[in-house]
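The model shown is predicted, which means the values in this text are computed figures rather than measured ones. The chains referred to below are lettered A, B, ... by the order of the sequence lines, with proteins before strands, and numbering in each begins at 1.
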Amino acid sequence: MFSPDDRPMNSQFAVRVAVLGAGALIAFSIIFFRLWYLEVLSGDDYLVQAQENRTRSITVQAPRGKILDRNEKPLVENRTAPSLQVRPAELPQRTGEANDVLKELAKVSRMKYKRIKREIKEQTAELPASPVTLKRDAPAKLVYHLAERADMFPGVTADEITVRKYPNGNLASHLFGFVSEVNEDQLAQPQYEELNLGDQIGAAGLEAQYDNVLRGRNGAIEVPVDSFGNPRGRSISEIEPERGDDLVLSIDKNIQKVGEQAIAQFGKPAAFVVMNVNDGAVLGMGSFPNFDPSIYTPPVSFDKIEELTEDPAEPLFSNATQSGYPTGSTFKLVTGTASLEEDLTTPTEPIADTGVFDYAGRPWKNAGSQAYGSVNTTRALQVSSDIYFYKMGIRSEEARDGAEADENAFAKWATRLGFGSATGIDLPSENAGLVPTPEWRNELFEEATDPKSCGGTDVVFDFERECFETVDRQWSVGDMMNLSVGQGDLQATPLQLALAYATVANGGRVVRPHVAQKALSPLGRTEQEITPAPQRELNISDSTRSTIMEGIRQAAMEPGGTSAAIFGPGYPIEIAGKTGTAETTGPEGGIVDQSWYAAVAPFDDPQIAVVVTVEGGGFGSEAAAPATEQIIREYATRYLDVPKKAFTEGASDDAEATAAGVAGAGD
Amino acid sequence: MVSPSPKSFEEERTAGVPPRAGLLQMDPVTAFAGIALVATSVFVLAQTTQDFVPDNPFHYVIRQSIYGVVGVAAMLALARIDYSRFREIRVGLYAALIATIILVLFVGNEVNGARRWIEFPFFNFQPSELGKLLLIVALAGFVIDRARRQSEVQRTARLLLLGVVPALIVLVQPDLGTALVYGVVTLSVLFVAGISWTHFAALGGLAVGAIAITLVLAPAIGVPVLSGEQQERLTSFLEPSDDPADASYQQNQALIAVGSGGRTGLGDEATQARAGFLPEGETDFIFAVTAERWGFVGGAFLLSLYALLIWRALRITTLSKNLFGSTIAAGIAAMLLFQVFVNVGMNIGVMPVTGMPLPLMTFGGSSVLVTFMAIGLLQSVYIQAQLNSPSRGNPKAL
């Protein structure tokens, strides 16, 4: 009856269909619950992802604020520069053709093809929809070339970007630092958390120190995009970029310029500092040799930067804040103050200056072995008597409580006046310097004599131990005597010296030096006053202050003073100033004289402290003093209403005529 | 075949009863599910593909509508034919299957590196799609044909070979998705036709082994069985990527599309497909597009239509008057289920991305037409069962 396949619905068949049905049930259950999970339970997460997908925020770089001098004259500005960009989505669709465009681009832009490919890959991974920047500040020729052949370079554009401009060339180059693109490590820091790769931040100097002032708030355009990053339709929202605030410095461009010229004239490494004695505002600060800060603005030439960093003259190094020099006789202001305040002497006690005397097994003498007879503090400062201060050094050493005690008059006051620690100026990489103490010296000695150690200063080879043996010495009275005249192991920056002079001049207030004065909004409103509080107040008696100030006034103004030939009685304003000649090791070895001058002006109402130093410049009166005079002249004509011709008539002619004659015995 | 009732019916038919009488006996639920699905497809395409073809917002809508109409006509035509006649031409059907899928290798139109289509003036025909149905019918024929003549093992092996040969041919195109459908169809036909459980267990083990060899062992010893793209598609769905050319990127975007749909969908706010993040929005990923725009509600609606269709197919399996019809219906049910599961699965991240159409939803003439033909066959089985059964209502419950 039934053909072979006609069969009743047997149980075996029913089971198999049931298995199929069960499979269907399982499959649908999986799909259904997965769909439930995706859409109902985690829908919100995916909604966020979809929104991130379909809009792209295009960053509009905000220009940085300008850096202005105290009279709001521009020191650092912005300019726009064309940057070479590629929009990968607009390149030809076929990989081969796109590569041909990029190869041609590599040829005309003189970039390596591989580098272009790498930049595109890396930047696209970071910001998929944004154009890839290949070169900032593309040369005009390249821009025209690309513009003329736009059809040959689909997806390649040259857009304007903002870069730094330095209208005054090398002026104040050590202050500004430079701007660079934020790197990935920096992005992890909280202060940069709003930024994206490719954004600009201050990388050194004031640009870094006041990055939060100068950096603007980047704008953003939120646009709907397709999967290739091409905009579809109008932008959804726009945030206007906000330019950064301008940074007004306390620097006076004119004083800065005169100061830089004054120190540059010797052609030797030099530095100057002009600082307000009352609030620490720096009016001028420079170092020679200097450099062109625009070397760091795009297009950055790595060869040129390498040339700068490899230059043996170290133009990137600021001698004003990063150096460590013995300051020679200018340090007598510190040891003089210490001697009076610690009762090593009195202002009137006469000390015999015989020009030479033997102590601790060696002769100690004045410059040129000149004898000044009976001298007190004031006179000793006026003529810069080394003998007087050597004797103060002996007293300081004798006053120490036994060999172990570290406390001594000179180290105590040097430290109080700011030596041996950073001044806290608003510039990075400041050198703390060194105030030599018995403890420091003896520790070095212990280290050096430790048989296990090969440390220390003087090194000879011990053949028996096959080891470099270090020979050092313990602290001795000679160290104290050297310190009394600013020699020996003392290390200080010109800024520290200026701070010490300012402190004595203002009666004991150790100010905190600063070059930035205020932040100015783009509309000209003062957003922030930068007035750092003084570091500390010292108790310097009026008698000490007036004795010391009178001594260095006489050094500059009275006949017989070490710099009287430069300033002298006929000088239009009364100042106080001290020469210094530090014996240092010259670049070719051997002892050379480093010229120092530290001044306070005007004498009766101190406003500024000026320090100039010239490495290998000779005696203080030879290089540093005349340079200081040029700076003070500029200050006096601009701030003290002293007419220019007051300097050109009479006095200065006399001064220059006599300068050479006095120079030899000046210190 | 001599029960009185059908005979009298056949007499009626031959006596000039309008053929429409047969159509009225179709399973309305099955017909509804199929037509509802293609209508939904047209609706979804109308809402989401306006921007896909420049200057022609109705490109997909018009074509899919035509395919739907032609498909429904094919369904009606097939429903009228007694499927039992196909048993007689099973060798011819099988030969046609093999011939067309080999032919396409030579005259096929190459798209994205695969030769799957034969170009016609208005229509690119995909023989491997029709092959799915040809394979089901031919195998069902062979199953019964050889039911009594051979040992169990021989029978299983031969039938298996008949299924594996076309699967290997389409794998060469390359078309992994279709090859898998052929495999599943073969297994389900064997299963329903009653090959022994032990054989089936052995086959299962073999399949697992084959998958392991193709995906892991063969590439490891340097004999790639699958093309690089296929290999990547199958394995990379576990590691998301940002490269739009990557299978895992597509899947990730599909997940975002589905997930962002939420309970009731984003409506016009849906952008994953329209903005081009999700490729293949009219074909492989149309489920994701639907779920993005109409949310869980839309997705569940689609799933319920498929559930309805597959339930009816299984039901017709049990209703069939003979094993041939049952086997065909079961093969069709398995084909539909497998395609729905793999396609929706890859849209929602539970299956790897393989080029697998979502029956009646995915834009494409061959798939729509063949699916409707499959439904037509189901109807034919149903109608024949009705004619064969004394009580026309609900003769055999599942």
Hey, are the side chains of Val258(B) and Tyr46(A) touching, using non-hydrogen atoms and a 4.5 Å cut-off? no
Residues in residues 100-108 of chain A near chain B [non-hydrogen atoms, under 4.5 Å]: none
One option among Val40(A), Ile31(A), Leu38(A) has the most heavy-atom pairs under 4.5 Å with chain B, and it is Ile31(A)
Less than 4.5 Å apart, side chain to side chain, heavy atoms only: is that true for Leu266(B) and Leu47(A)? yes
Got a sec, which residues hit ring-ring contact (aromatic ring centres under 6.0 Å, His included) with Tyr83(B), two or more places apart in sequence or on another chain? Phe324(B)
Measuring from Asp44(A):CG to Ser260(B):OG, what's the distance to the nearest 0.5 Å? 10.5 Å
Write down the atom of Leu323(B), the atom of Phe13(A), and the distance for their closest heavy-atom approach. CD1-CE1, 4.3 Å
Given a strict heavy-atom distance threshold of 4.5 Å, which part of Val192(B) is in contact with chain A: side chain, backbone, both, or neither? both
If you count heavy atoms of other groups shown closer than 6.0 angstrom to OH of Tyr113(A), is the number above 12? yes
What do you reckon, are the aromatic ring centroids of Phe296(B) and Tyr37(A) less than 6.0 Å apart? no
So, the side chain of Arg34(A) versus the backbone of Ile348(B): is there a donor-acceptor pair under 3.5 Å, distance only? yes
Could you tell me which of Gly345(B), Ala334(B), Ala307(B) has the largest number of non-hydrogen atom pairs under 4.5 Å with chain A? Ala307(B)
About how many Å separate OG1 of Thr317(B) and CG of Leu20(A), when rounded to the nearest 0.5 Å? 7.0 Å
Tyr306(B), part contacting chain A, at a heavy-atom distance under 4.5 Å: both
When you compare the side chain of Phe28(A) with that of Phe341(B), does any pair of heavy atoms fall below 4.5 Å? no
For the atom pair CD1 (Ile26(A)) and CG (Leu337(B)), what is the distance rounded to the nearest 0.5 Å? 10.5 Å
Is the shortest heavy-atom distance from the side chain of Phe287(B) to the side chain of Leu35(A) under 4.5 Å? yes
CE/Met351(B) to CD1/Ile30(A) distance, rounded to the nearest 0.5 angstrom? 9.0 Å
Do the numbers put Arg16(A) on top of the ring of Trp197(B), so that NZ or CZ is under 6.0 Å from the six-membered ring centre and no more than 45° off the axis? yes
Within a 6.0 Å radius of atom CZ on Arg217(A), are there more than 12 heavy atoms belonging to other residues, nucleotides or ligands? no
Determine the option with the most heavy-atom pairs under 4.5 angstrom with chain A, choosing from Ala333(B), Ala330(B), Gly295(B). Gly295(B)
